[in-house]
Amino acid sequence: MILLAGIPTEPPVELAKDSADAAGIECIVLNQRSFAFDDIEMRFVDGKCAGEIRVGMQSHPLGSFTGIYTRMTDAESLPELAPKRNGAPDPSALNRARAWSETMNAWLELAPQRVANRTSATLSNF
């Protein structure tokens, strides 16, 4: 099973999902825009990273993925965090989005699985 992390309507993520489906590869799509509802839990047990990702009502152990494709964006650029009438995003939503993204990016750096687009490898784009 592979994990696709990012915004599912973004063409590269959508293409990856379509390709996995066509190849009969089970995949889980972790929508970054669902940061308020989905969750990632990471902990260290005997020097190894463990935990789970919850997408909707389903939990998936971090170790259950054979590969990961990520196209995560900067949390502050998510439409859900667009400034409200007072000119500022909701601080609690912004903090949640940042914590979610930071935890996800930390796991992506530590994950022993094959990871396409590790954050550290794409920093030159910024």
Side-chain angles (χ1 to χ4, degrees):
M1 174 172 49
I2 60 172
L3 176 68
L4 306 176
I7 299 174
T9 56
E10 190 179 48
V13 178
E14 193 172 38
L15 182 60
K17 170 81 169 98
D18 292 346
S19 296
D21 289 345
I25 299 169
E26 183 181 5
C27 65
I28 300 299
V29 179
L30 182 62
N31 186 346
Q32 186 178 8
R33 293 181 68 183
S34 295
F35 65 86
F37 308 103
D38 296 338
D39 207 3
I40 179 170
E41 177 188 323
M42 185 174 68
R43 61 190 175 282
F44 290 91
V45 178
D46 296 327
K48 294 182 182 178
C49 184
E52 63 184 19
I53 288 178
R54 286 182 292 280
V55 178
M57 299 299 288
Q58 296 181 326
S59 290
H60 307 278
L62 297 180
S64 68
F65 302 105
T66 57
I68 303 161
Y69 174 72
T70 176
R71 291 251 330 155
M72 303 253 299
T73 187
D74 183 51
E76 284 84 1
S77 67
L78 295 171
E80 291 75 12
L81 298 173
K84 305 296 182 220
R85 291 183 192 175
N86 66 1
D90 173 31
S92 63
L94 181 58
N95 288 338
R96 166 81 176 158
R98 284 179 178 156
W100 189 97
S101 292
E102 287 172 9
T103 303
M104 185 67 182
N105 282 324
W107 175 59
L108 292 172
E109 290 301 313
L110 299 170
Q113 295 94 329
R114 290 185 183 199
V115 178
N117 297 329
R118 262 185 227 269
T119 305
S120 61
T122 61
L123 288 177
S124 64
N125 293 337
F126 298 102

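A quick note: this is a predicted structure, and the numbers were derived from the prediction, not measured.
In this view, Arg33 and Glu80 satisfy the side-chain hydrogen bond (donor to acceptor under 3.5 Å, both in side chains) rule, not counting sequence neighbours. Evaluation of the side-chain hydrogen bond (donor to acceptor under 3.5 Å, both in side chains) rule for Asn105 yields Thr119 as partners, not counting sequence neighbours. Listed by chain and number, the residues in a side-chain hydrogen bond (donor to acceptor under 3.5 Å, both in side chains) with Thr73 are Ser77 (sequence neighbours excluded). Evaluation of the salt bridge (Lys or Arg N to Asp or Glu O under 4.0 Å) rule for Arg54 yields Asp39, Glu41, Glu52 as partners, not counting sequence neighbours. Residues meeting the side-chain hydrogen bond (donor to acceptor under 3.5 Å, both in side chains) test with Gln113, sequence neighbours left out: none.
Residue pairs meeting the salt bridge (Lys or Arg N to Asp or Glu O under 4.0 Å) criterion with at least one member in residues 21-32, sequence neighbours excluded: Lys17-Asp21. Every pair passing side-chain hydrogen bond (donor to acceptor under 3.5 Å, both in side chains) that includes a residue from residues 4-16 is listed here, sequence neighbours excluded: Glu10-Arg71.
Thr70 contributes atom OG1, which lies 8.0 Å from atom CG of Leu3 (distance to the nearest 0.5 angstrom). The CD atom of Gln32 sits 8.5 Å away from atom CG of Asp74, with the distance rounded to the nearest 0.5 Å.
Cluster partners of Ile25, by chain and number: Ile2, Leu4, Val13, Val29, Tyr69. The rule joins Ile, Leu, Val, Met, Phe, Trp and Tyr whenever side-chain heavy atoms lie under 4.5 Å apart. Other residues sharing the hydrophobic cluster of Leu15, ordered by chain and number and joined by side-chain separations under 4.5 Å: none, the residue standing alone.
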Side chain to side chain contact (heavy atoms under 4.5 Å, CB included) between Phe65 and Ile28, worked out:
CA-CA 9 Å; Phe65 302 105; Ile28 300 299; 4.0 Å; yes
Full working for side chain to side chain contact (heavy atoms under 4.5 Å, CB included) between Met104 and Met42:
CA-CA 9 Å; Met104 185 67 182; Met42 185 174 68; over 6 Å; no
Leu30/Trp100 under side chain to side chain contact (heavy atoms under 4.5 Å, CB included): CA gap, chis, key distance, verdict
CA-CA 12 Å; Leu30 182 62; Trp100 189 97; 3.7 Å; yes
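Scanning all heavy atoms of the two residues, the minimum distance from Ala36 to Arg96 falls at CA-NE, 4.0 Å. Shown here for Val55 and Asp38, the closest heavy-atom pair between the two residues is CA-OD1, 3.5 Å. Shortest non-hydrogen contact noted between Leu81 and Phe35 is CD2-CZ, 3.9 Å.
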